[in-house]
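Along the sequence shown, residues are numbered consecutively beginning with 1.
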Amino acid sequence: MIGCTIDSLIERITSEGKLNFDLEKIMAAYTIANTAHEGQTRSSGEPFISHPLSVANILLGFNMDTDTIVAALLHDVVEDTKISLSTLEKQFGKDVAHMVDGVTKIGLVPLDTTKEEQHAENIRKILMAMAKDVRVILIKLADRLHNMRTLAARPPDKQRENALETMSFYAPIAHRLGMNSVKEEMEDLSLRYLDPFGFKAIEEQIKYREEERNFFIENKKAQILERIGNMSPTPYIEGRVKGVYSIYKKVIVGGKEFDEIYDIYAVRIIVQSVIECYNILGIIHDMFRPIPFRFKDYIATPKPNRYQSLHTTVMSRESIPFEVQIRTQDMHSTAEYGIAAHWKYKAGLGKQKTKASDTSRLEWIRHILDQQQEAENVVQITESIKTDLATEDVYVFTPKGDIITLPLGANVIDFAYAIHSQVGNKMTGAKVGGRMVSFDYKLETGNIVEIMTTNSAAYGPNRNWLDTVKTNQAKLKIRAWFKKERRPENIKEGKSMLERELKRNSLPFEDELLLEAAKGLRYDNTDDFYAAIGYGGLQLTRVVHRVKEFYTTRNTDSERAGLSYEEINRTIAKRQSKGVLVDGMENCLIRFANCCAPLPGDEILGFITRGYGVSVHKKDCVNVTDIIEKSPERLIKVEWINTGDVYYRAAIELIAEDRTALIADVTNVISHNRLSISEFTGRKLKNGNACIDVALEIEGVEQLNNILAKLKKIPGVIMATRRDS
């Protein structure tokens with residue numbers, strides 16, 4: 001809430017009858033925060049204190065306790081001011097100090113720590129603090145939500161960076177905690193900056209039919225209320241429209257027409273008991289024709305985040321489909337505010353008392369933290385989190401009827417490792433619904449899965465499983481098995497893989513260089529280094545980047561004498577980047593897209609590929625539109641840098657009247673301009689003219705335009721143009 005003040009916060013506490021709050025403690029926290037942040041402003045120009053006040057106000061809506069509100073007011077003082085954590089602990093207690101510490105970014109990090117590793121360490125710190133006290137993540141979610149609401153004041157690159165992080169980490173966390181209202185708002189706010197064109201298109205579609213939609217929803221509410229209004233107490237009925245991001249996923253990403261989405265319109269009915277939920281479901285199906293296969297009973301089978309509700313999609317008399325959600329008031333609170341909805345506190349003590357169901361809701365946090373023991377590096381933990389936080393799940397059953405929750409796209413190997421690591425390691429086959437299936441069989445909700453195993457010590461996982469499984473849990477357990485059981489094989493395989501990759505990148509395979517790279521990646525010797533590559537614990541792209549760094553550093557010491565640490569890094573980045581700097585990423589593998597062959601001087605953007613670094617495209621490339629529509633989160637800001645010794649391939653097409661010495665004239669012009677020819681072909685066209693295709697080593701667009709102008713002056717030349725590929 002922008003513009004929140006301490007007076008409005010206190011007024012809200014008193015007006016809503018929150019009598020258990022310690023107003024004196026809250027005021028003391030505000031006084032310290034206000035003094036500490038004095039003179040600091042936000043990007044919008046507002047006093048910085050408006051941010052912690054707004055975060056506290058959001059948490060007040062979650063029905064949080066005094067200590068959480070106090071920690072919210074103080075959450076930035078340790079990171080941004082001179083106040084220490086020990087000072088906060090002395091004045092406000094250990095709980096407040098723990099929460100503030102949990103949301104404070106890590107401070108001092110090693111100089112060789114990358115931005116990605118720092119980000120992963122911050123995430124791990126939050127999760128570890130969250131495992132002890134979930135209020136830490138509730139403060140962080142409120143903090144991020146307010147930052148997203150005020151993101152318009154930030155520079156464009158920061159807008160995209162924050163939106164991407166929110167979409168990939170904070171929104172899924174909110175989903176896991178059952179905080180649907182926070183999740184949906186975060187997704188919509190993130191999409192506004194990740195794909196502004198797509199966001200605007202969906203928003204305009206929604207606004208275009210606003211009057212028609214409101215009339216339709218009010219009409220359905222009236223019809224339903226007329227039928228069930230005699231119940232006591234009268235059920236509460238509300239209408240809603242699906243979030244922009246939810247529609248975006250189906251229209252822009254899924255390729256559906258706006259009219260094909262059945263649940264854009266929805267009516268929610270809130271009653272007092274579970275029996276009433278099922279009774280009203282029968283009435284709804286009597287009033288409107290249910291659409292087959294569009295009924296979901298999340299009351300009998302709750303989602304992992306404890307979400308419960310009945311969902312059914314029906315057809316109105318106007319032949320317009322709409323969704324009806326039926327739930328109790330308790331279920332509704334859980335759906336909107338998740339774990340925060342049932343937070344209970346002992347008066348005056350600030351100690352958390354959660355329900356058993358809320359405690360089990362946090363099991364996935366401990367599960368992720370347990371996986372850290374098997375993760376090779378902190379970046380793997382980040383990958384694990386992003387996979388395990390996937391918002392779309394499938395629910396499958398063991399033969400005994402136990403439910404196993406897996407991310408969409410998971411296969412029977414994922415299922416086996418979700419049961420136990422030994423079940424996965426000894427797996428020989430799988431049955432789904434009583435019939436044998438392949439190991440890459442993708443599971444669907446409702447499948448009954450049986451895993452067949454062997455006790456043979458000679459049997460174990462296949463390396464190809466690492467490319468097949470969906471869950472990071474399965475990947476880590478497979479890697480752990482290979483790490484323990486196949487060390488000699490891993491060393492041989494890792495060494496071979498690295499040698500091939502270095503050769504492909506024109507880098508030497510030298511013992512001294514590789515030992516240096518191994519130590520830089522925190523391995524004591526090259527055998528451990530090769531073994532990690534062999535069993536998949538270390539990504540080849542990371543290794544190649546580090547080898548490039550040491551190789552370049554070793555060969556440029558004399559050139560860099562007297563330079564600062566930052567200048568040295570920038571010099572290395574220039575030499576390794578092919579003349580391109582990638583926003584927020586160091587030593588990144590760069591590849592120029594063949595479809596448009598960008599040159600210095602062209603406006604460019606980057607696309608993060610799977611396994612091949614960043615692909616650089618011209619902004620007007622025909623493929624960019626498709627990328628923006630399908631994978632906006634993988635776009636990244638890139639810019640040209642002046643390296644002075646980097647050349648680029650530029651393709652030219654020349655059409656001319658066919659004559660003797662034409663080729664000689666063309667090559668003479670090119671040679672006189674001291675340009676290297678990497679490819680030259682010619683052919684005769686049906687109309688009698690000649691077509692010549694030339695590939696040159698060019699410094700940039702300016703040099704290319706200069707040579708094109710000179711080629712056009714050759715007698716008989718009709719056209720000389722740049723060719724994209």
What's the spacing between [X] [atom1] and [Y] [atom2] if we round to 0.5 Å?
X: Met719; Y: Leu708; atom1: CE; atom2: CG; value: 10.5 Å
X: Asn706; Y: Glu702; atom1: CG; atom2: CD; value: 8.0 Å
X: Leu654; Y: Ile663; atom1: CG; atom2: CD1; value: 10.5 Å
X: Lys140; Y: Phe169; atom1: NZ; atom2: CZ; value: 9.0 Å
X: Glu184; Y: Tyr245; atom1: CD; atom2: OH; value: 12.0 Å
X: Ile692; Y: Thr667; atom1: CD1; atom2: OG1; value: 9.0 Å

For [Y], is there any backbone N or O sitting under 3.5 Å from a side-chain donor or acceptor partner on [X]?
X: Gln205; Y: Lys200; answer: no
X: Gln703; Y: Glu699; answer: yes
X: Tyr248; Y: Gly243; answer: no
X: Asp188; Y: Glu185; answer: no
X: Ser50; Y: Glu46; answer: no
X: Gln159; Y: Arg154; answer: yes

- Task: Would you sort out whether Asp143 and His75 count as a side-chain hydrogen bond (donor to acceptor under 3.5 Å, both in side chains), showing the intermediate values?
- Result: CA-CA 9 Å; Asp143 170 53; His75 79 273; 3.2 Å; yes
Do [X] and [Y] come close enough that some side-chain heavy atom pair is under 4.5 Å?
X: Leu704; Y: Ile707; answer: yes
X: Arg649; Y: Leu696; answer: no
X: Leu711; Y: Ile652; answer: yes
X: Glu187; Y: Leu191; answer: no
X: Ile604; Y: His617; answer: no
X: Val614; Y: Phe607; answer: no
X: Val543; Y: Leu498; answer: yes
X: Leu685; Y: Ile655; answer: yes

- Crowding at CZ, Phe509 (>12 non-hydrogen neighbours, <6.0 Å):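 Counting other residues, nucleotides and ligands, CZ of Phe509 exceeds 12 neighbours.
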- Using a cut-off of 6.0 Å, state whether more than 12 heavy atoms not belonging to Glu79 lie near its atom CD.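 Yes.
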- Item | Aromatic ring proximity Tyr648/Phe592, centre distance under 6.0 Å |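 So the answer is yes for these two rings.
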- Assess whether side chain to side chain contact (heavy atoms under 4.5 Å, CB included) is satisfied between Met186 and Met167, documenting all intermediate values. CA-CA 7 Å; Met186 282 185 168; Met167 187 73 86; over 6 Å; no
Salt-bridge criterion met for [X] and [Y] (N-O under 4.0 Å):
X: Arg683; Y: Asp693; result: yes
X: Asp665; Y: Arg659; result: yes
X: Glu653; Y: Arg722; result: no

- Task: Kindly indicate, with the supporting measurements, whether the criterion salt bridge (Lys or Arg N to Asp or Glu O under 4.0 Å) is fulfilled by Glu161 and Lys637.
- Result: CA-CA 10 Å; Glu161 181 182 324; Lys637 182 181 177 182; over 6 Å; no
- Message: With side chain to side chain contact (heavy atoms under 4.5 Å, CB included) as the criterion, how do Leu164 and Tyr193 come out once you've worked through the C-alpha distance, each side chain's angles and the decisive distance to 0.1 Å?
- Response: CA-CA 9 Å; Leu164 189 57; Tyr193 298 101; over 6 Å; no
- Task: Start with the C-alpha gap between Arg144 and Met148, add the side-chain angles, then the distance that decides, and say whether side chain to side chain contact (heavy atoms under 4.5 Å, CB included) holds.
- Result: CA-CA 6 Å; Arg144 180 50 62 111; Met148 291 302 296; 3.9 Å; yes
- Message: Using every non-hydrogen atom in the two residues, find where Lys712 and Ala720 come nearest and quote the distance to one decimal.
- Response: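 Distance-wise, the nearest heavy atoms are CE-O, 3.1 Å.
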- Task: Evaluate the side chain to side chain contact (heavy atoms under 4.5 Å, CB included) criterion for residues Lys619 and Asp602: first the C-alpha distance (whole Å), next the side-chain angles of each, then the deciding distance (0.1 Å), finally the verdict.
- Result: CA-CA 8 Å; Lys619 276 192 176 178; Asp602 290 326; over 6 Å; no
